[in-house]
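Single-structure report; data block below.
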Amino acid sequence: MSSIRTGADYRNSLRDGRRVFVLGEGQVEDVAIHPATAAMVEDYVAWYDRHDDSAWKDTLFGPDGPVGYLVPRTSDDLVRMGKCFSATTFLSAGNVTHTPAYGHLIALGIVHAVNLHNKSPEQAAHAEAYRAEIARTGRFLTFAAGAAPIGYRLREDPADRVALRIVGRSELGVVVRGKIGMHTSPAFAEDVYIGAVNGAVLDGQRATFVVPVNAQGVTVICRKRSARDPNPFTAPLSNRFDELDGQMWLDDVVVPWNRVFLTDFSPEPIARWLFWHQLYCWLSKAEFTLGLALACAHAMGLSQHEATIDYLLDLITDVQTVRACQTAAERDPEMTVDGYCSPNQSHLAAGSIAMLKARRRMAEILRILPGSSLVVAPSDKDLADAALASGLEESFTGGGYSARQRAALLQMAWDHVGSALDQREHVFELHANGGEVSWRGRLRRSFDRYNMLANTVLQRLDLPMPTVNLDSIRDAPLAARRPVAPPRPGER
């Protein structure tokens with residue numbers, strides 16, 4: 001059934017000589033077996049192998065092959081892809097955000113950005129050939145906007161604050177040196193797309209790059225793994241789904257010409273489809289929260305309790321609001337100048353703002369709903385302890401649930417909204433795309449009915465009225481990244 005590689009092929013591909021460090025762990029010789037990385041590798045293995053599982057055929061495959069690798073041309077294409085993303089991201093409770101299908105959306109974004117900015121037939125051909133390679137092979141690509149780490153941004157000379165510099169060029173390609181900041185899953189990907197924020201200039205244009213993780217001169221530095229209980233019974237999510245964000249250091253890395261792409265100075269065109277996939281991950285986290293809340297309401301005997309039902313209705317409202325935005329984005333799409341079907345950016349922005357506003361309250365509801373049992377739920381080891389087993393069974397059995405069943409559910413709820421992994425994901429999303437401020441800016445720019453609505457209202461008045469032009473609202477630039485500056489000499 002599968003037209004892409006197997007999970008075993010992916011696992012073996014990671015033994016490619018890559019140089020990876022995990023903070024607090026040191027160098028990782030084999031990410032497929034190291035305790036900090038092995039579980040995440042196996043989740044990606046499962047992602048690939050799902051394409052050979054007949055139970056997933058209708059979700060993952062269409063007439064044109066794997067749905068996650070479609071080039072969307074119609075609204076129906078977006079709907080099929082959306083159902084695929086929704087189903088696969090739910091399995092990790094929205095924690096695994098950068099899948100190989102996400103990598104294909106990055107490659108599609110490269111094609112789009114190159115076509116927008118640079119009409120060079122050679123550039124366009126290289127971008128499309130790379131996208132087709134990703135779709136054909138399932139090669140795992142991840143995304144970095146290209147921002148410099150904080151030490152670079154605080155350098156005295158503003159010219160030295162860029163993340164990357166091109167320090168050489170030849171027939172083979174360009175030689176790149178520097179460091180890029182936070183991005184997701186660099187230890188597990190095979191390629192990293194380094195976007196326009198990197199600051200590198202080639203012949204007066206902004207250069208972006210696709211760099212193999214195992215390229216000579218590349219070092220990947222991952223953040224420390226999220227603190228978690230080693231027992232999968234008490235940490236069923238955080239034990240498995242830690243993508244390990246990190247930096248990439250490039251020490252005179254040769255990037256071939258067919259992996260150098262000239263784009264606009266903004267990463268937004270590349271991210272056109274990525275924001276849509278990201279919102280599905282956020283929605284999966286919200287739906288998983290709702291699912292846990294519904295299960296806990298039943299397990300705790302609260303399914304007839306009106307205050308609990310009100311909490312559940314709040315969660316349902318949040319979930320349905322964002323799902324409606326996704327449906328609208330797919331059924332009211334936008335066509336790009338190069339003929340691709342894109343989710344409507346205004347609907348995506350509205351859904352993203354709604355999700356950012358709802359997230360904290362949703363987590364709080366799930367902490368409240370199970371009551372104090374959430375705090376004192378036993379582990380499987382406690383339930384097997386001869387000194388505790390009888391008493392714990394008496395405390396937690398009832399209502400059709402054994403003590404082990406109820407404890408397992410409560411532990412999952414705790415891990416979902418009370419773990420270090422959950423806090424990492426929350427902090428990451430506040431920074432990864434600028435948070436609510438940036439999304440409000442995107443909505444401001446993508447909404448296209450300012451003049452139509454205002455002038456239509458004025459036409460309902462029974463007297464001549466001026467023609468309204470509010471293009472200045474839409475034309476405002478996106479908020480700049482937070483500026484940083486080194487302290488003045490007297491302030492040190």
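The structure displayed is predicted, hence computed values, not measured ones.
By the 4.0 Å N-to-carboxylate-O rule, Arg18 lies too far from Glu190 to be salt-bridged with it. The pair Glu42-Arg240 does not meet the salt-bridge criterion, since no charged nitrogen lies less than 4.0 angstrom from a carboxylate oxygen. The pair Arg131-Glu128 meets the salt-bridge criterion, since a charged nitrogen lies less than 4.0 angstrom from a carboxylate oxygen. Residues Asp264 and Arg206 are not paired through a salt bridge, judged by the lack of any N-O separation under 4.0 Å between the basic side chain and the carboxylate. Between Glu133 and Arg259 there is a salt bridge, since a side-chain N of the basic residue sits under 4.0 Å from a carboxylate O of the acidic one. A salt bridge links Asp203 with Arg169: the closest approach of a Lys/Arg side-chain nitrogen to an acidic carboxylate oxygen falls below 4.0 angstrom. In summary, Asp160 and Arg165 engage in a salt bridge, as defined by a charged side-chain N under 4.0 Å from a carboxylate O. Ion pair Asp76/Arg331 flagged as a salt bridge, since at least one NZ, NE, NH1 or NH2 atom sits closer than 4.0 Å to an Asp/Glu carboxylate oxygen. Between Arg80 and Asp77 there is a salt bridge, with a side-chain nitrogen of the basic residue lying less than 4.0 Å from a carboxylate oxygen of the acidic one.
Inter-residue side-chain proximity for Trp282 and Val322 is flagged as unmet; no heavy-atom pair is nearer than 4.5 Å. Contact of the Glu29 side chain with the His34 side chain is not registered, since no non-hydrogen atoms from C-beta on lie closer than 4.5 Å. Contact of the Tyr450 side chain with the Arg444 side chain is registered, since non-hydrogen atoms from C-beta on lie closer than 4.5 Å. For the pair Pro186/Cys222, a side-chain contact is recorded, criterion being any heavy-atom separation below 4.5 Å from C-beta on. You'll find the side chain of Leu164 stays beyond 4.5 Å of the side chain of Arg177, heavy atoms only. The shortest distance between side-chain heavy atoms of Phe143 and Ile270 falls below 4.5 Å. Two residues are said to be in side-chain contact when any heavy atoms from C-beta on lie closer than 4.5 Å; His112 and Asp338 meet this criterion. Looking at Val210 and Val192, their side chains never come closer than 4.5 Å, going by heavy atoms from C-beta outward.
Counting only distance, with no hydrogens or angles, the side chain of Asp9 and the backbone of Arg5 share no donor-acceptor pair below 3.5 Å. Distance alone, capped at 3.5 Å, places no donor-acceptor pair between the Arg442 side chain and the Ser346 backbone. Judged by distance alone, the side chain of Arg11 and the main-chain N or O of Val45 form no donor-acceptor pair under 3.5 Å. For the pair Glu436 (side chain) and Lys357 (backbone), a donor-acceptor distance under 3.5 Å is absent. Distance alone, capped at 3.5 Å, is enough to place a donor-acceptor pair between the Asn451 side chain and the Leu470 backbone. Between the side chain of Ser352 and the backbone N or O of Ala349 there is no donor-acceptor pair closer than 3.5 Å. Of the possible polar contacts, one joining the Ser92 side chain to the Val96 backbone as a donor-acceptor pair under 3.5 Å is found. With hydrogens and angles ignored, the 3.5 Å screen pairs a side-chain donor or acceptor of Arg225 with a backbone N or O of Pro35. Between the side chain of His277 and the backbone N or O of Trp273, no donor-acceptor pair lies under 3.5 Å. Not a single donor-acceptor pair under 3.5 Å links the side chain of Gln320 to the backbone N or O of Asp318.
Counting heavy-atom neighbours within 6.0 Å of Lys83 NZ, excluding the residue itself, gives a total of 12 or less. Under a cut-off of 6.0 angstrom, the local environment of CZ in Arg440 is sparse, with at most 12 non-hydrogen atoms contributed by other residues, nucleotides or ligands. Within a 6.0 Å radius of CG in Asp58, no more than 12 heavy atoms belonging to other residues, nucleotides or ligands are found.
The two atoms that bring Ala207 and Ile166 nearest to each other are CB-CD1, 4.3 Å, heavy atoms only. Residues Ala187 and Val220 approach most closely at N-CG1, 4.2 Å, considering heavy atoms. Contact record, Leu356 with Gly435: CD1-C, 3.9 Å, taken as the closest heavy-atom pair. Contact between Trp257 and His126 at its shortest, heavy atoms only, is O-ND1, 3.9 Å. Heavy-atom minimum distance, Pro149 versus Gln247: CB-NE2, 3.8 Å. Minimum interatomic distance between Leu78 and Ala329 (heavy atoms only, all atoms of both residues): CD1-O, 4.4 Å.
Atoms CG and CE, from Leu237 and Met412 in turn, are 5.0 Å apart once rounded to the nearest 0.5 Å. A distance of 13.0 Å separates OG in Ser226 from CZ in Phe241, rounded to the nearest 0.5 Å. Expressed to the nearest 0.5 Å, how far SG of Cys325 lies from CG of Asn344 amounts to 10.0 Å. Between the CD1 atom of Ile134 and the CD1 atom of Ile106 there is a distance of 8.5 Å, given to the nearest 0.5 Å. For the atom pair Asp448 CG and Leu453 CG, the distance stands at 9.5 Å (nearest 0.5 Å). In this structure, the separation between CZ on Arg15 and CG on Asp30 is 4.0 Å, given to the nearest 0.5 Å.
A side-chain N or O of Tyr193 and one of Thr208 form a donor-acceptor pair less than 3.5 Å apart. Between the side chains of Ser284 and Thr89, at least one donor N or O sits under 3.5 Å from an acceptor N or O. Glu330 and Ser75 form no side-chain donor-acceptor contact under 3.5 Å, judged by distance and modelled atom types alone. Tyr69 and Asp64 share no side-chain donor-acceptor pair at under 3.5 Å. Side-chain N/O atoms of Asp422 and His416 include no donor and acceptor closer than 3.5 Å. No hydrogens or angles considered: a donor-acceptor pair under 3.5 Å links the side chains of Arg323 and Ser86.
When ring centroids are compared, Trp276 and Phe85 come within the 6.0 Å threshold. Aromatic rings of Phe140 and Tyr44 (six-membered ring for Trp) have centroids within the 6.0 Å cut-off, being under it. A ring-centre distance under 6.0 Å is found for Trp439 and Phe275.
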Derivation of the side chain to side chain donor-acceptor pair (under 3.5 Å) call for His347 and Asp332
CA-CA 9 Å; His347 300 314; Asp332 179 29; 2.9 Å; yes

Would you please test Phe90 and Phe288 for ring pair (Phe, Tyr, Trp, His ring centres under 6.0 Å) and show each step?
CA-CA 7 Å; Phe90 183 83; Phe288 206 89; 5.3 Å; yes

Might you work through the side chain to side chain contact (heavy atoms under 4.5 Å, CB included) test for Phe261 and Gln123, ending with a clear yes or no?
CA-CA 7 Å; Phe261 301 105; Gln123 281 267 299; 4.2 Å; yes

Applying side chain to side chain donor-acceptor pair (under 3.5 Å) to Glu243 and Thr97, what does each step give before you reach the verdict?
CA-CA 8 Å; Glu243 292 177 304; Thr97 59; 2.9 Å; yes

Could you go through Arg228 and Asp242, starting from their C-alpha distance and side-chain angles, then the distance that decides it, and tell me whether this counts as salt bridge (Lys or Arg N to Asp or Glu O under 4.0 Å)?
CA-CA 10 Å; Arg228 54 186 181 254; Asp242 192 350; 3.4 Å; yes

Run Thr59 and Lys57 through side chain to side chain contact (heavy atoms under 4.5 Å, CB included) and show every step you take.
CA-CA 5 Å; Thr59 301; Lys57 179 180 179 180; over 6 Å; no

